[in-house]
Amino acid sequence: MTALTLQLPSHLQLTDEGFEQIVAANRDLRLELTAKGELVIMSPTGGETGNRNFDLLGQLWFWNSQNNLGKAFDSSTGFKLPNGATRSPDASWVEMARWNALTPQQRKKFLPLCPDFVVELVSETDDVEDTQAKMVEYLANGLQLGWLINPKDKVVIIYRPNQAPEILQSPTTLSGEDVLPGFILNLQPIFA
């Protein structure tokens, strides 16, 4: 099953506040809003994907707690991208100076920026092509490093600005490069 996209009538344009109200009224759903104003309802993940995502977030949290270079976020965090879309990557990170530039009010709502780093973990219910399109969207909105991890095929696609995506087959680790200096993601529990 892929995500369900609701086509809204052209005369009905969701404001930021309207989208926030829909999300608040439907807390059991994972919702995103495309740049075209389409409302996307994403399926909950299964146990294996949830466990993989937890492991990934734990590794990112541990690195971030040791380095304090920015703020890390889980899949519940919404980012209002410059193109108008509101997306919720599986894991993300924002450099501290960009976080500090946000007002206290901005920090309480969907964050009005694109993360510096994003991970999308492909689950059994995800459409790989849709997830790849989302990664391209992140890049177009300022992403510095992105990982699309497909555990089923043991494939990772790395996204960087102004470069073609790099495809890795069965890597054991991934480097945070210059964006997350010193961060090494161990893929063994994610690919298990």
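As a basis for the values below, the full set of heavy atoms in this structure was taken, side chains included, without hydrogen atoms, waters or symmetry mates. In this text, all values refer to a predicted model and were calculated from it rather than measured experimentally.
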Restricting to side chain to side chain contact (heavy atoms under 4.5 Å, CB included), what partner residues turn up for [X], sequence neighbours left out?
X	value
Gln66	Phe62
Ala35	Asn83, Ala85, Glu137
Thr173	Ile184

Exercise for the section: Only counting residues at least two apart or in another chain, list the ones meeting salt bridge (charged side-chain N to carboxylate O under 4.0 Å, His left out) with Asp116. Expected result: Arg98
Exercise for the section: Look at atom CD of Glu177 and say whether more than 12 heavy atoms of other residues, nucleotides or ligands are closer to it than 6.0 Å. Expected result: yes
Problem - Asp178 atom CG: more than 12 heavy-atom contacts under 6.0 Å - result: no
Practice task
Would you name the heavy atoms of Pro112 and Gln106 that are closest together and state the gap between them?
Solution key: CG-NE2, 3.7 Å
Handout entry: Other cluster members, Met96 - Ile/Leu/Val/Met/Phe/Trp/Tyr, side-chain contacts below 4.5 Å
Key = Phe73, Phe79, Leu81, Val94, Trp99, Leu102, Leu111, Leu113, Val118, Val122, Val128, Met135, Val136, Tyr138, Leu139, Leu143, Leu148, Val155, Ile157, Tyr159, Ile167
Using side-chain hydrogen bond (donor to acceptor under 3.5 Å, both in side chains) as the criterion, list what pairs up with [X], not counting sequence neighbours.
X	answer
Asn150	Asp153
Glu166	Arg160
Trp93	Asn64
Lys109	Glu20

Practice task
Using a 4.5 Å cut-off on heavy atoms from C-beta on, say whether the side chain of Leu60 contacts that of Val119.
Solution key: no
Practice task
Let me see the working for Thr172 and Asn186 under side-chain contact (heavy atoms from CB on, under 4.5 Å), right down to the final yes or no.
Solution key: CA-CA 6 Å; Thr172 55; Asn186 177 6; 5.7 Å; no
What distance separates [X] [atom1] from [Y] [atom2], expressed to the nearest 0.5 Å?
X	Y	atom1	atom2	value
Thr77	Asp90	OG1	CG	11.5 Å
Lys108	Thr103	NZ	OG1	9.0 Å
Asp127	Gln132	CG	CD	9.0 Å

Short side-chain to backbone donor-acceptor contact, [X] and [Y], under 3.5 Å:
X	Y	answer
Glu95	Ala97	yes
Asn141	Cys114	no
Asn67	Leu69	no

Problem - Hydrophobic cluster identity match, Leu185 and Val179, side-chain contacts under 4.5 Å - result: yes
Practice task
Determine the interplanar angle of the Phe183 and Phe117 rings, folded into 0 to 90°, and report it as parallel if under 30°, tilted if 30 to 60°, perpendicular if over 60°.
Solution key: perpendicular
Only pairs under 3.5 Å count here: list side-chain donor-acceptor contacts from residues 49-56, not counting sequence neighbours, and write none if there are none.
from, atom 1, to, atom 2, distance (Å)
Arg52, NE, Ile190, O, 2.8
Arg52, NH2, Ala192, O, 3.4
Asp55, OD1, Gln59, NE2, 2.6

Fill in the blank from the handout: Residues pairing under salt bridge (Lys or Arg N to Asp or Glu O under 4.0 Å) where one sits in residues 58-85, two or more places apart or in two chains, turn out to be Asp16-Lys80
Exercise for the section: Could you please spell out the steps behind the side-chain contact (heavy atoms from CB on, under 4.5 Å) verdict for Val156 and Phe191? Expected result: CA-CA 11 Å; Val156 174; Phe191 283 165; 3.9 Å; yes
